[in-house]
K.L.:
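The structure's right below; bear with me while I get my questions together.
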Amino acid sequence: MLDIKKIRNNSDKILQSLAKKDKNISLDNILRLDDSLKTLTTKLNELQADQNSKSKEVGILKSKGESAEDIFADLKILSDKIKELEKEQRELSSSLKDALLEIPNLPHSSCPQGSSEKDNVVVVEKKTNKELNFNVKNHIDIGKQLDILDFEVAAKMSGSGFPLYKGKGALLERALINFMIDYHLKNFNYTEFFTPFLVKPDSALTTGQLPKFSEDMYHIEKDDLFLIPTAEVSLTNIHKDDILSFDDLPKYYLGYSACFRREAGSYGKDTRGLLRVHQFNKVELVKFVEPEKSYDELDSLVKQATNILDLLELDYRVIELCSGDLSFAAAKCFDLEVWAPGEEKWLEVSSCSNFEDFQSRRGNIRFKNSDGNTDFIHTLNGSGLATPRIFAAFIETHQREDGSIRIPKSLQPYMEISEIK
RNA sequence: GGAGGCAUGGCAGAGCGGUUGAAUGCACUGGUCUUGAAAACCAGCAAGGGUGCAAGCCCUUCAGAGGUUCGAAUCCUCUUGCCUCCGCCA
């Protein structure tokens, strides 16, 4: 959520900046509502001040045992008027808030300009694996041949888009998750969480999934709960409505979760096998940091996620998203993509974003700064990483001519085998 | 699922329908004292909004939403959360 004061005072600049993300945004309605609300509030405050002072007089008279009947007539009129204005104020401010919740975050000035993914910038590209000089298979064929993935059986019970990992495949999936969690825990100062997978609407509002993107999530109607599309939702809401103390910052949180996404409307495009699924596993990193440091924290976040790919011996690139390709809540974002030689495609396996104070305003997450004043904190998150596409790229990259899969050194302790065959 | 209890400032914890934004303690900040620290003493210390160059002034907020009343932290209703007991259960 953007700061209404900033919108009020710099509407042209803000609109210009928003247009880099979405040209169709208008602030007219918001400015109009804000103006009405301000006028109304000023008037209401005057009446309330009058009411307060007169009520105080009543208190004094009563304590002396004197009659206050004369004042009551005045107060009755005041009271009626105030109730009327208060109702109007409630309506106005809730309309204003609803409108503000629909406005995306401003892109950071350093983001490349552009309207779509075509304008994204490759900042790092690292291909260290040798070209495979045999008949390269894709992950679906490998999965079938080694009997580690079964999409047919999964579809029988859940429909398409729900992978079933089997045998060494299930082991590999579990090993990847544990390896990634341990890596971040051992090398950086993260606190591990295992969070709820279902959350209340308010939580999804904090991180920006609601109100605009309710169609993307699974919703349990009976209990009004949403299945989390990412652990970002639960991890960020740990501090909803909190005021964190400056000495406790930065806070680095990590959590594995299953992630659930409806992916409505994405049929047919890159949906084969593990490429786009409704349920997947992800280790998520979330940071709560002071505003001055959030861009340094973004850099280190990207590095931390990237290191995993180095250790898994995968080919990858880091993409800096252009303004037009940024998500709703992000001010700046880097995507990590791995090369899948069987699919012959780059697969997005991580998204590392700085939200600045966009989420913290929505979730009312604040901190006491070094001056002792409270201010909204900056939040960041990054996948570290999402498994299904890692899994696909992993078995495609490490496949051998004889059909087996090589397990890199880093992962061997987690699997206790050096190959899947 | 059934029965009951509770919800107040960073924390703990008072609070009669009326000069209560809210006693007190802890924590925190500044000062006095001290070579320094501790202790003691003094002072300050909620958030949000409006207005003003500023000092300041005004308004709102006692889980949330409604209601009663001239006036609500205090009374009523609903919602949410937590706790205790019973039932069920991996």
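Quick note: numbers below take in every heavy atom, side chains included, and nothing from hydrogens, waters or symmetry partners. Lettering follows sequence order; numbering is per chain, from 1.
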K.L.:
Rounding to a whole Å, what distance do you find between Leu244(A):CG and C11(B):C1'?
P.N.:
15 Å

K.L.:
Do Tyr183(A) and Asn178(A) touch side chain to side chain, with heavy atoms closer than 4.5 Å?
P.N.:
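Not in contact.
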
K.L.:
Whole angstrom is fine here: how far is it from NZ in Lys56(A) over to C1' in A22(B)?
P.N.:
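The answer, rounded to whole Å, is 13 Å.
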
K.L.:
Please give the distance between the C1' atoms of U69(B) and G17(B) as a whole number of Å.
P.N.:
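Taking atom C1' in both U69(B) and G17(B), they lie 9 Å apart.
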
K.L.:
Can you tell me, in whole Å, how much space there is between the P of C6(B) and that of U74(B)?
P.N.:
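Looking at atom P only, C6(B) and U74(B) are 15 Å apart.
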
K.L.:
Would you mind reading off the distance between Leu225(A) atom CG and U80(B) atom C1', rounded to a whole angstrom?
P.N.:
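From Leu225(A) CG to U80(B) C1': 13 Å.
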
K.L.:
Taking only the P atom of each, what is the distance from A55(B) to U68(B) in whole angstrom?
P.N.:
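Result for the P pair: 41 Å, nearest Å.
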
K.L.:
Could you give the distance separating C45(B) and G21(B) at their C1' atoms, to the nearest angstrom?
P.N.:
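Each nucleotide's C1' atom is 14 Å from the other's.
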
K.L.:
Looking only at heavy atoms, which two atoms of Leu411(A) and Ile407(A) are closest? And how far apart?
P.N.:
CB-CG2, 3.9 Å

K.L.:
Using the test ring pair (Phe, Tyr, Trp, His ring centres under 6.0 Å), find all partners of Tyr295(A) that sit at least two apart in sequence or belong to another chain.
P.N.:
His108(A)

K.L.:
Any chance you could lay out the salt bridge (Lys or Arg N to Asp or Glu O under 4.0 Å) test for Lys166(A) and Asp147(A), step after step, and finish with the verdict?
P.N.:
CA-CA 7 Å; Lys166(A) 181 179 176 187; Asp147(A) 199 22; 2.9 Å; yes

K.L.:
Using Watson-Crick or G-U wobble geometry with both distances under 3.5 Å, which nucleotide pairs with A23(B)?
P.N.:
none

K.L.:
Would you indicate whether Lys144(A), at its atom NZ, is surrounded by more than 12 heavy atoms from other residues, nucleotides or ligands within a distance under 6.0 Å?
P.N.:
no

K.L.:
Please check if the distance between the ring centroids of Phe288(A) and His239(A) is under 6.0 Å.
P.N.:
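Yes, ring centres under 6.0 Å apart.
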
K.L.:
Taking the same atom, C1', in C53(B) and in G48(B), what whole-Å distance lies between them?
P.N.:
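To the nearest whole Å, 23 Å.
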
K.L.:
Does a sphere of radius 6.0 Å around NZ in Lys293(A) hold more than 12 heavy atoms from other residues, nucleotides or ligands, not counting ones at 6.0 Å or beyond?
P.N.:
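Result for NZ/Lys293(A): open.
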
K.L.:
Expressed in angstrom and rounded to an integer, what is the separation of Leu47(A) atom CG from U60(B) atom P?
P.N.:
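Rounded to whole Å, this separation is 11 Å.
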
K.L.:
Which value, in whole Å, describes the distance between the C1' atoms of nucleotides C33(B) and U19(B)?
P.N.:
39 Å

K.L.:
Between atom CG of Leu198(A) and atom OG of Ser234(A), what is the distance when rounded to the nearest 0.5 Å?
P.N.:
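Result: 10.0 Å between the selected atoms.
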
K.L.:
Check whether any side-chain heavy atom of Met217(A) lies under 4.5 Å from a side-chain heavy atom of Leu210(A), and answer yes or no.
P.N.:
yes

K.L.:
Please encode protein proximity along nucleotides 47-59 of chain B as a string of B, S and -, counting only heavy-atom distances under 4.0 Å.
P.N.:
SSBSS------SS

K.L.:
Does A65(B) have its OP1 or OP2 closer than 4.0 Å to a side-chain nitrogen or oxygen of Arg90(A)?
P.N.:
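Arg90(A) to A65(B) OP1/OP2: no side-chain N or O under 4.0 Å.
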
K.L.:
Both distances below 3.5 Å, Watson-Crick or wobble geometry, any strand: find the nucleotide opposite G56(B).
P.N.:
U51(B)

K.L.:
I'd like the P distance from A3(B) over to C58(B), given in whole Å.
P.N.:
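Taking atom P in both C58(B) and A3(B), they lie 49 Å apart.
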
K.L.:
Both distances under 3.5 Å, Watson-Crick or G-U wobble: report the partner of U35(B), or none.
P.N.:
none

K.L.:
Give the rounded distance in Å between these two atoms: CZ of Phe246(A) and P of C28(B).
P.N.:
18 Å

K.L.:
Enumerate all atom pairs, one protein N or O and one N or O from nucleotides 68-72 of chain B, separated by less than 3.5 Å.
P.N.:
from	atom 1	to	atom 2	distance (Å)
C70(B)	O3'	Ser79(A)	OG	3.4
G71(B)	OP1	Ser79(A)	OG	2.7

K.L.:
Taking CD from Glu91(A) and P from G66(B), how many angstroms apart are they, rounded to a whole number?
P.N.:
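Checked: the CD to P distance equals 11 Å.
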
K.L.:
For nucleotides U8(B) and C86(B), find the distance between their P atoms and express it as a whole number of Å.
P.N.:
27 Å

K.L.:
If you take all heavy atoms of Val338(A) and Ala393(A), which pair is closest and at what distance?
P.N.:
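Nearest pair, atom of Val338(A) first, then Ala393(A): CG2-CB, 3.5 Å.
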
K.L.:
Examine Phe213(A) together with Phe328(A) and report whether their ring centres are nearer than 6.0 Å.
P.N.:
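So the answer is yes for these two rings.
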
K.L.:
Is there a Watson-Crick or G-U wobble partner for A43(B) with both distances under 3.5 Å, and which nucleotide is it?
P.N.:
U29(B)

K.L.:
Provide the Watson-Crick or G-U wobble partner of G1(B), both distances under 3.5 Å; none if there is no partner.
P.N.:
C86(B)

K.L.:
Would you kindly compare Ile60(A) and Glu86(A) by the position of their nearest RNA chain B nucleotide and give the one closer to the 5′ end?
P.N.:
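Nearest nucleotide further toward 5': that of Ile60(A).
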
